[in-house]
Each structure stands twice: as C-alpha cells, then as structure tokens.
**Student:** 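Take this structure, written in structure tokens, and hold onto it; I'll ask about it next.
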Amino acid sequence: MQAPFVTSSPLLLKTWGVIASRDEDVVPHEGRGLFWKVWKESELTIVVFEVKNDFDPQQKLVSSSVLKEKNNFRRFEFLCTKKIPELSFNGSVVSLFIDNLEKLDELKSKISSSHPLIITGHGVGGAIASLFTVLLLESIGSGKKRPLCITFGSPLIGDKKLQEAISRSSIWSSCFLHVVSYKDSLPKKLNSQPVDYMPFGTFLFCSDTGATCFGNPESVLELLVSSINDQSQGFEVADYGKLVKNLNCKAICKDFSLQGMNLTHSTSLNASIRLQLCAALGLTSNMQQLQHQNIDINALVTKLERLENKFMFQKMKFDPSKKLNVMKIDMAKLEWYKKHCKSQGSGYYDCFKRGVSTIDQDAVQWQKNLRNYWSDMVEEAEMKPQTEAAAFRTRWLFSGTNYRRMVEPLDIAEYYANGLRKDYEAKGRSRHYVVLEKWLEEDKKEKSDSEGKTKKNVELILTIDSCFWAKLEEALLLCGELDNLKENVEAKGKLLEFENYVYESLKKYEVSPEIFLKGSSYMTWWNKYKGFADNHRLANFMRNPQHFDQYTEGDYSFT
C-alpha cells in the first residue's frame, strides 16, 4: 500500500500545492468543460485535472455496454472478464471524459512511463483523474512505473463491478489514493439505498485533528453513508490545503486492517477502530462528547469491526502462494499413491475407482483438497483483468496442467464408479478443467509447441489427455452388448473412432503404460473389443505383450 508512504512524505503536500498553484509558467490546456496542466520537476511529473465550476455530477450510472452501443466507447473493456462482463460509471463524469477523449489520448502519448507520475484533481477534477488513471492501467506491466492517482474530495465514479475489476489486481488497486474530509459533501453524492456506487483504492479520511486509512471498500462506503446521515456538524467546503499540511507535520497514516493489528483479538481491533475514527472525524474519545454529536459511534465501530474481519477473512481465504506448498504435499501423496497402486499390480485409476482400501479413501481427500484449490485458482484468474490474467496463467500453467492430468482421471473414476452415468465430458466435467486445458492450448499456439514427441521416460508420464479415461469408459459402455454391435452402425463408428484415437495417442507416447496392467479398464475394453477391431495397427501392437515393455522404454517403432 502506497498510502502510508505518500502521507508521511512531502509528496501529498507537493501534489496539493500543484493543484492550488497559479504558476504562470505552467500553461493550462483547455478542453470541453475541462482543464489540465502538466507540472514537471526533475524526474517527477504531476498532471492536474480541473473541471469548470458550473459542472454538477449527476448520480445516474451508465453501463459499459450502453457506452459501447451509444458512444462506440470501448476504452475500458480491458477491465471486463467472463465474471465481470460489464461495469458502470457515473454518467455525467464519463460523458465529460468521452467529450475530451481525443485530447486526453494526446496527453497520454506525451507522458513518459519511465518517470514517477502523479495524476490528481480536486472535486470532479479528481473523478476525471481517476478515469484517466484507469485508462493508463491497461499498459501497466511489472517492469513499468505505476502512476499514482491522488484525488481530493472526489465523488465516486463507478459501481461494485468496477471496484471488483480494479481490486482484483493488487497492482491496479494500489494506484489510487483518495483524500476525503469528513465534512466534504461531494464525495458523498450517492444514490438512494441500496447504494449503487462502490469505492476502490485507498481512502484517507481526514479532520483537523487526525486521519485514518481504509482499504476495505465496504468500510469506506459505510463511512460515507453514515456521514450523509450525520449532518449535525454540517457540510462545508473543505480546506484540503490545511488538512494535508497538518498531515505532513504529524506524518500519521495508520491502516488498522494491515499494520500492526492482531485481528484475532476483537477487543484490540475494536479499540483501534474507535481511536482512529475519533481522529478522522475530529472527535475525542470522550463518550460524553460523542453523545452531543448526532452519531452513534458504538454502532459504527461495531459495523466497521464486522466489515474489517470479513475483509481480512476473504483476503486470507484464498491465497494461492501460501496454499501452494500444502497442495504440493497433496500432489506428492497422489504420486506416492500412484506408485503404490502399481506395486499392487494395478493402475491408480482402477484402484481409485474400486475404492476398497483405506489408502483409496485417503486418496479421495487428497483429490478433494486439490480440486477445491484449483477450482478457486481458476476462478481467481478469470476475475483478473486481461493483462494481469495472462501473466497469472503463465505462472501457474505447468502446475495446473500437472494437476489436471493427475486428478481429473480420479474425478472420471468417481463419475463412472456406479455404472449409472454416461457422457462425462458433456455432463460431468468441471469447468475449471476445461479452462486449464484451454490455457495449455493457447500456450502451445503462442510457442508453436507440441508434446507429440517420443518420450524416453514413458514409465513415469501422466496420460496427456486427462479425458482419456472418460473416452475409455464410454467405449466400455458401447461394448456392453456385443451381440448387437454388428447391427449398431453408430456404436461401431464411435468404437472405431476411439480405436484410432488410442493408436494415435500411443504413437505419440502420450498414454501412461499403466493401461497395459492386467485387469485394467483398458485391457478389459480391449479383450471385449479386439474381435471387432478394424485398426490392424493397434491389433498388431496389442497382440504381443513384449510391445508393452518396448513402449514403456520408449523404443517401440510405430508404423
């Protein structure tokens, strides 16, 4: 989080100083109802946005799909994902932004990405600054300088979907710091309940006596809503120059949800929230004084405590990096299980399907742990913005592919275990397996790579097509009524298709040699089907068990 650093450094004071200055050497640029100026000092650039005084932001939200349809505006579509197909913005603010888009694009092209950059504005100027920073997010990479958007008394600009899209990227979310005076009315221009707007980034709530930082959007929204209901102190034009000067002198910015708080002790969290609220709202901790204000501080503290605990729980609920080592242990256990089954003369797929031993039952738990982890992982990736999602997929591609090839066969074994279900690929396959497979296919296209090469260590491989076992089970079902097979042209065609598929997979050394173990599902299928086989190449291979050993060693010569 950049907020503590920015607030305790001269940067916040400098930024406000550029907003308030009337330096004749800095020529402002004028657009349609919008002004901006670019201030440079050594290696720091500050871009300030200012909106004409008569501009009044309306409360109505407009969706990205409507902007696309009516204005042909697609610049924020990179934020959308499958989970977040559209998002909404403050209608009047985004319209002002679109009216000046050509000139803003020109400004964007002139800004150097190699130097620190601050985008800022006061009031509605801050809202435009936020939108301009969002425009810059698409090109942010790990090796580039991040812009920092600092707003003062800015109204909220979007809905919960926009907040979720930006917050899914920790890099993006860290680019926004919003300074708000508790008495300032503009940041609190929200629709009637339920509130349609949702804040994003870090909010620094200030008073003459102190300040506090909130990164939890629901806590920020609760403070904004509660301050609307509490107008005992009245709303006024906030003196942000005075506020930031005080902050710079005191150098205080303590985020209770992230710094120095032991969230396992609710009493400490409650006390911390209470003290920081009193500082941010310009109150003292004296309960008698609080009773004179039209505010239920106890109820507010209780609600914020609940929201902060929920926020921290959600952040800890799925942390892929922290849980990865645990998942590696479960994968290692399944590797051991696979070897154990083979030592008993059976493949791990068939052992798991029978499920007769206590070890098989242990494997069920390892399978479940891994499936839950990777299901969450894929959902996490799909929620990320497009540019960050691509890097996320690349990082986890190898582990995800190895997981899919190890665990999906166990899901297939469960699916067909009772003999009552059919068509796993269409009716039973978890979507996260489909997504993981798609990641691999996309990666192959980008690298023009293929796994269809001779393997010299075939004994240890996992079957490349994790749905091999589902195709095998469907072939076994088709062999159920051999007497009618000659008359069933459709079934015969499907079996021939599977037969050719098996041979081509073997030819590429893409199938684990476990399928040749006595009593395996594959050998069961072959013994039922071999009298009907049309692919003489597969029949020739299967006729001699020595070929299985040659295949295992990677030495069989396929024709």
Side-chain angles (χ1 to χ4, degrees), residues 3-23 26 28 35-37 39 46-57 93 118-130 148-157 176-190 199 201-214 220 223-254 276-284 289 292-295:
F5 166 75
V6 171
T7 311
S8 59
S9 73
L11 202 54
L12 197 63
L13 187 61
K14 181 183 288 290
T15 301
W16 178 260
V18 175
I19 292 176
S21 72
R22 293 294 179 261
D23 191 341
V26 180
F35 302 91
W36 60 90
K37 57 184 177 181
W39 181 90
I46 300 178
V47 179
V48 179
F49 288 98
E50 183 179 344
V51 175
K52 290 183 177 179
N53 292 330
D54 59 352
F55 183 86
D56 183 24
V93 173
I118 294 177
I119 313 295
T120 189
H122 174 220
V124 182
I128 296 295
S130 292
L148 175 60
C149 178
I150 303 177
T151 71
F152 297 88
S154 169
L156 302 184
I157 65 167
F176 297 89
L177 173 62
H178 307 285
V179 183
V180 176
S181 167
Y182 196 69
K183 291 186 177 182
D184 194 347
S185 63
L186 190 56
K188 301 152 191 173
K189 284 200 169 187
L190 307 169
T202 301
F203 274 70
L204 181 65
F205 285 91
C206 305
S207 71
D208 293 336
T209 59
T212 189
C213 247
F214 288 84
V220 172
L223 280 169
L224 293 174
V225 171
S226 66
S227 65
I228 292 173
N229 297 330
D230 168 37
Q231 300 186 23
S232 60
Q233 302 179 67
F235 288 137
E236 58 187 44
V237 177
D239 186 349
Y240 283 100
K242 179 181 177 183
L243 290 173
V244 296
K245 186 176 181 179
N246 288 340
L247 283 173
N248 185 250
C249 292
K250 297 180 179 180
I252 52 172
C253 181
K254 298 179 181 178
Q276 293 189 72
L277 277 181
C278 289
L281 308 183
L283 307 171
T284 72
Q289 180 190 354
H292 288 296
Q293 306 291 348
N294 184 25
I295 182 171

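Values reported hereafter were calculated over all heavy atoms of this structure, with side chains retained and with hydrogens, waters and symmetry mates removed. Everything quoted here is computed from the prediction, not taken from an experiment.
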**Student:** Can you confirm whether Ile46 sits close enough to Thr120 that some side-chain heavy atom of one is under 4.5 Å from a side-chain heavy atom of the other?
**Tutor:**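 They are in side-chain contact.
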
**Student:** Would you say the ring centers of Phe203 and His178 fall short of 6.0 Å from each other?
**Tutor:**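 Centroid distance Phe203-His178: below 6.0 Å, so yes.
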
**Student:** Would you check if the side chain of Lys37 reaches a backbone N or O of Glu50 as a donor-acceptor pair within less than 3.5 Å?
**Tutor:**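 Side chain of Lys37 to backbone of Glu50: no pair is present.
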
**Student:** If you apply the rule side chain to side chain contact (heavy atoms under 4.5 Å, CB included), what do you find for Phe176 with Thr151, and how did you get there?
**Tutor:** CA-CA 8 Å; Phe176 297 89; Thr151 71; over 6 Å; no

**Student:** With sequence neighbours left out, what residues match Ser130 under side-chain hydrogen bond (donor to acceptor under 3.5 Å, both in side chains)?
**Tutor:**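 Counting only residues at least two positions away or on another chain, Ser130 forms no side-chain hydrogen bond (donor to acceptor under 3.5 Å, both in side chains).
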
**Student:** Side chains of Leu223 and Phe214: does their closest heavy-atom pair fall under 4.5 Å?
**Tutor:** yes

**Student:** Side chain to side chain contact (heavy atoms under 4.5 Å, CB included), that's the test. Do Cys206 and Val180 meet it? Break it down for me.
**Tutor:** CA-CA 6 Å; Cys206 305; Val180 176; over 6 Å; no

**Student:** Who pairs with Lys14 by salt bridge (charged side-chain N to carboxylate O under 4.0 Å, His left out), at least two apart in sequence or on another chain?
**Tutor:**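 Listed in chain order: Glu41.
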
**Student:** Shortest non-hydrogen contact from Ala211 to Leu204?
**Tutor:**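 Where Ala211 meets Leu204 most closely, the heavy atoms are CB-CD1, 4.0 Å.
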
**Student:** Nearest heavy-atom pair of Asp184 and Gly153: which atoms, and what distance?
**Tutor:**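 Looks like OD2-CA, 3.5 Å.
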
**Student:** So, do Val244 and Phe152 sit near enough that their side-chain heavy atoms are less than 4.5 Å apart?
**Tutor:** yes

**Student:** CG/Leu177 to CD1/Ile150 distance, rounded to the nearest 0.5 angstrom?
**Tutor:** 5.5 Å

**Student:** What's the separation between atom CG in Asn246 and atom OG in Ser207, rounded to the nearest 0.5 Å?
**Tutor:** 9.0 Å

**Student:** Quick one: closest heavy-atom pair of Pro199 and Val220, and the distance?
**Tutor:** CG-CG1, 3.6 Å

**Student:** Hey, are the side chains of Ile128 and Val51 touching, using non-hydrogen atoms and a 4.5 Å cut-off?
**Tutor:** yes

**Student:** Can you tell me how far CG of Leu12 sits from NZ of Lys245, rounded to the nearest 0.5 angstrom?
**Tutor:** 14.0 Å

**Student:** Please name all residues satisfying side-chain contact (heavy atoms from CB on, under 4.5 Å) with Ala127, sequence neighbours left out, ordered by chain then number.
**Tutor:**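 Residues passing side-chain contact (heavy atoms from CB on, under 4.5 Å) with Ala127: Val93, Ser154, Pro155, Ile157.
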
**Student:** Is any side-chain heavy atom of Val48 closer than 4.5 Å to a side-chain heavy atom of Trp39?
**Tutor:**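 No - every pair of side-chain heavy atoms lies 4.5 Å or more apart.
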
**Student:** Parallel, tilted or perpendicular: which one describes the rings of Tyr240 and Trp16, with boundaries at 30° and 60°?
**Tutor:** tilted

